[in-house]
Amino acid sequence: MKTIKVNVSSSYDILIERGLLKTCGSIIKDTVKCSNAAIITDDTVNELYGDALDSTLRDSGFSVCRFVFPHGEASKCSDTLNKIYAFLCENSITRSDCIIALGGGVVGDISGYAAATFLRGLKYVQIPTTLLAQIDSSVGGKTAIDLPHGKNLVGAFKQPACVICDPDVLSTLTEEILSDGMAEAIKYGMIRDEQLFDLIASHNLSNVANVIDDIIYKCISIKRDVVENDEFDTGERMILNYGHTLGHSVESYYNYKTYTHGSAVAIGMKEMAERTCSGEITKKLIDCIKAYKLPTACDAPMDKLVTLCGGDKKRTGGDLSFIVCEEIGQAQIKKLPFEEFVKFIIETGK
Ligand code: GLY
């Protein structure tokens with residue numbers, strides 16, 4: 001088993017091993033040291049892995065209850081959160097018990113927020129079941145729900161007690177969901193690690209399974225390093241937003257329906273590379289994005305997309321922070337007054 005230690009305000013381990021989901025009960029018991037575990041998951045993941053997790057937790061001495069909600073971003077809302085609170089009350093969950101988030105980013109984010117707020121906070125464990133959740137959202141303690149006004153507008157920093165990462169569960173993902181996660185993996189290579197980028201670029205969506213354990217380990221290690229330096233996202237952690245400034249605009253322009261998060265980030269990375277990298281690096285990035293069946297462009301007019309960046313929460317005062325990688329593996333944080341950012345994007349576009 002591989003262990004990645006995260007040293008932050010409340011430190012924890014990320015444990016990576018194939019088959020871990022079915023056997024993790026005793027590890028969780030030793031970590032959280034409590035009697036009752038409330039599993040929170042969605043209907044898709046519950047069908048695949050709910051019973052296996054339930055069994056290993058019971059075998060390790062937990063009393064287990066399970067809350068299942070409909071899959072999808074629409075569930076990451078106050079209505080589901082209130083149902084989770086009611087479920088925790090009805091099952092007499094106390095501050096000495098724990099929540100176990102079993103699923104992708106939506107499950108992890110809303111369960112983590114419930115754990116941050118119910119009874120002013122209780123322990124929670126992340127068991128991410130998508131590539132994106134394994135390498136990004138389950139690590140670093142960002143939890144949130146969406147509001148009708150926008151995504152992730154209510155949230156808290158709440159570090160998990162541990163993260164259980166089982167690469168075996170990726171075998172049940174659709175191609176589209178795997179691609180979604182690979183966009184974030186490409187991002188990690190671009191911002192911090194040329195060797196990781198080359199490893200990803202020398203594979204494609206059909207054969208990446210052969211090296212996915214290595215990719216997961218390297219991506220999580222990068223995220224750990226960044227989060228340890230800037231747990232509360234006031235500086236270096238912004239480099240994780242490479243491709244996200246325009247990417248968020250792409251998602252929002254299409255009402256979060258046409259492009260997955262990863263697809264939108266892929267478009268955002270390519271747009272930024274075209275404006276800031278050599279032709280050779282831009283080509284390498286485009287080839288890599290295409291190898292994972294991700295898009296490099298969309299039909300939305302750039303003047304509309306760039307205006308939507310103004311609503312991005314990375315805008316501080318009149319300035320907008322954005323991430324540039326002139327070389328692979330070397331991210332830099334840039335800041336421009338919003339109007340100058342718009343000018344830069346429009347005037348340097350192809
Ligand atoms: N997903 C970006 C971050 O955790 O800061």
Side-chain angles (χ1 to χ4, degrees), residues 4 6-12 14 73 76 101 103-113 115-116 124 126 128-146 150-160 163 165 177 180-193 196 215-216 218-252 256 259-266 268-269 272 309 312-316 320-325 331-333 335:
I4 297 178
V6 187
N7 290 310
V8 284
S9 53
S10 166
S11 297
Y12 56 100
I14 299 164
E73 187 73 31
K76 208 174 102 177
V106 168
V107 170
D109 282 6
I110 194 166
S111 309
Y113 189 63
Y124 81 113
Q126 288 269 20
T129 58
T130 62
L131 179 60
L132 193 132
Q134 290 188 348
I135 63 175
D136 183 20
S137 56
S138 68
V139 181
K142 279 190 181 175
T143 73
I145 59 165
D146 302 335
K151 282 177 76 173
N152 298 325
L153 290 183
V154 175
F157 286 95
K158 166 83 177 168
Q159 301 294 344
V163 181
C165 178
I177 303 293
D180 188 36
M182 283 311 300
E184 293 285 353
I186 296 168
K187 175 201 80 180
Y188 282 111
M190 286 298 291
I191 61 170
R192 265 293 162 84
D193 187 340
L196 169 63
I215 291 174
I216 291 170
K218 289 190 158 105
C219 291
I220 295 177
S221 301
I222 294 171
K223 178 132 191 199
R224 183 270 314 270
D225 292 347
V226 171
V227 167
E228 280 186 352
N229 287 338
D230 180 20
E231 180 178 355
F232 297 108
D233 200 11
T234 56
E236 181 180 331
R237 191 163 176 168
M238 283 185 220
I239 68 168
L240 300 173
N241 284 326
Y242 181 57
H244 285 58
T245 304
L246 282 168
H248 285 150
S249 299
V250 171
E251 287 186 277
S252 159
Y256 299 92
Y259 292 97
T260 62
H261 176 70
S263 299
V265 167
M269 288 192 289
M272 207 45 91
C309 294
D312 192 298
K313 61 186 182 302
K314 288 180 292 303
R315 192 177 167 200
T316 47
L320 188 132
S321 299
F322 59 102
I323 312 304
V324 164
C325 301
Q332 292 170 282
I333 302 171
K335 203 187 233 188

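All values below were derived from every heavy atom in this structure, side-chain atoms included, with hydrogens, water molecules and symmetry-related copies excluded. Start at 1 and go down the list; that is how both ligands and their atoms are numbered.
Between Leu153 and Asp146, every side-chain heavy-atom pair lies at or beyond the 4.5 Å cut-off. Inter-residue side-chain proximity for Leu246 and Phe322 is flagged as unmet; no heavy-atom pair is nearer than 4.5 Å.
Interface of Asp136 with ligand 1, defined as ligand atoms under 4.0 Å from a residue heavy atom, comprises 1 (N), 2 (C). Near Leu240, with a cut-off below 4.0 Å to any heavy atom, the atoms of ligand 1 are 3 (C), 5 (O).
Ligand 1 has at least one atom lying under 4.0 Å from a heavy atom of Lys223.
Checking only distances, Lys142 does come within under 3.5 Å of ligand 1, N or O to N or O. In terms of polar-atom proximity, Asn241 is not counted as a contact of ligand 1, lacking any N or O under 3.5 Å from an N or O of the ligand.
In summary, the side chains of His244 and Glu184 do present a donor paired with an acceptor at a separation below 3.5 Å, with no hydrogens or angles considered.
Between Asp193 and Lys218 no salt bridge is recorded (no basic side-chain N to carboxylate O distance below 4.0 Å).
Checking side-chain atoms of Arg237 against main-chain N and O of Glu231 turns up a donor-acceptor pair under 3.5 Å.
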